[in-house]
Amino acid sequence: MTSSSTNIPKPLPYGYTYYVLLETLGSDHSKDQQLLEEFLGKALSQELIDDATLAQSIQHLDFFWRIREDVDVLVEK
């Protein structure tokens, strides 16, 4: 499933009541990435969240922020 305006896959399926976009910034990318993955894993296992995805590139990060600014980028036209 990809956006019609880009070749980047849509980050999550439709159908959730709420979506949260979170960006973190730290001094040690590898360690920060590991801590975020552990946090999301715990949240998933405790059923505090239903799904999660992480940006895998600058392109993905830019696309996530485009979604925040204009959710229509996800709509198939």
Side-chain angles (χ1 to χ4, degrees):
M1 177 169 57
T2 60
S3 166
S4 59
S5 62
T6 180
N7 291 332
I8 298 172
K10 293 178 184 178
L12 293 171
Y14 292 116
Y16 295 114
T17 304
Y18 299 101
Y19 294 83
V20 175
L21 182 62
L22 173 73
E23 184 174 21
T24 63
L25 181 62
S27 60
D28 183 337
H29 177 74
S30 296
K31 184 172 182 161
D32 297 335
Q33 181 84 9
Q34 178 185 356
L35 290 171
L36 180 58
E37 289 174 7
E38 289 172 6
F39 170 77
L40 292 173
K42 286 179 186 177
L44 284 163
S45 69
Q46 294 175 5
E47 298 181 352
L48 298 173
I49 61 176
D50 292 323
D51 206 345
T53 190
L54 298 173
Q56 300 299 314
S57 68
I58 295 297
Q59 285 180 312
H60 284 147
L61 181 61
D62 290 344
F63 183 60
F64 286 10
W65 284 107
R66 282 183 52 212
I67 294 168
R68 179 182 178 267
E69 298 300 323
D70 182 11
V71 75
D72 285 340
V73 300
L74 295 177
V75 176
E76 296 296 328
K77 295 180 182 178

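With a 4.5 Å cut-off between side-chain heavy atoms of Ile, Leu, Val, Met, Phe, Trp and Tyr, the cluster of Leu35 takes in none. Taking Ile, Leu, Val, Met, Phe, Trp and Tyr as members and joining any whose side-chain heavy atoms lie under 4.5 Å apart, directly or through other members, Val20 forms no hydrophobic cluster with any other residue.
Atom CZ of Phe39 has 12 or fewer heavy atoms from other residues, nucleotides or ligands within 6.0 Å.
By the side-chain contact (heavy atoms from CB on, under 4.5 Å) test, Leu22 is found to be paired with Thr24, Leu36, residues two or more places apart in sequence or in another chain being considered. In this structure, the side-chain contact (heavy atoms from CB on, under 4.5 Å) partners of Leu21, at least two apart in sequence or on a different chain, are Phe64, Trp65, Arg68. Legend: residues meeting side-chain hydrogen bond (donor to acceptor under 3.5 Å, both in side chains) with Gln34, ordered by chain and number and at least two apart, are Glu38. Here Gln33 pairs with His29, Glu37, Leu54 under the side-chain contact (heavy atoms from CB on, under 4.5 Å) rule; sequence neighbours left out.
Between the CG atom of Asp62 and the OG atom of Ser57 there is a distance of 8.0 Å, given to the nearest 0.5 Å.
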Cut-off 3.5 Å, no hydrogens considered: what does the side-chain donor-acceptor table look like for residues 41-52, sequence neighbours left out?
from  : atom 1 : to    : atom 2 : distance (Å)
Ser45 : OG     : Gly41 : O      : 3.3
Ser45 : OG     : Lys42 : O      : 3.0
Asp51 : OD2    : Tyr16 : OH     : 3.0

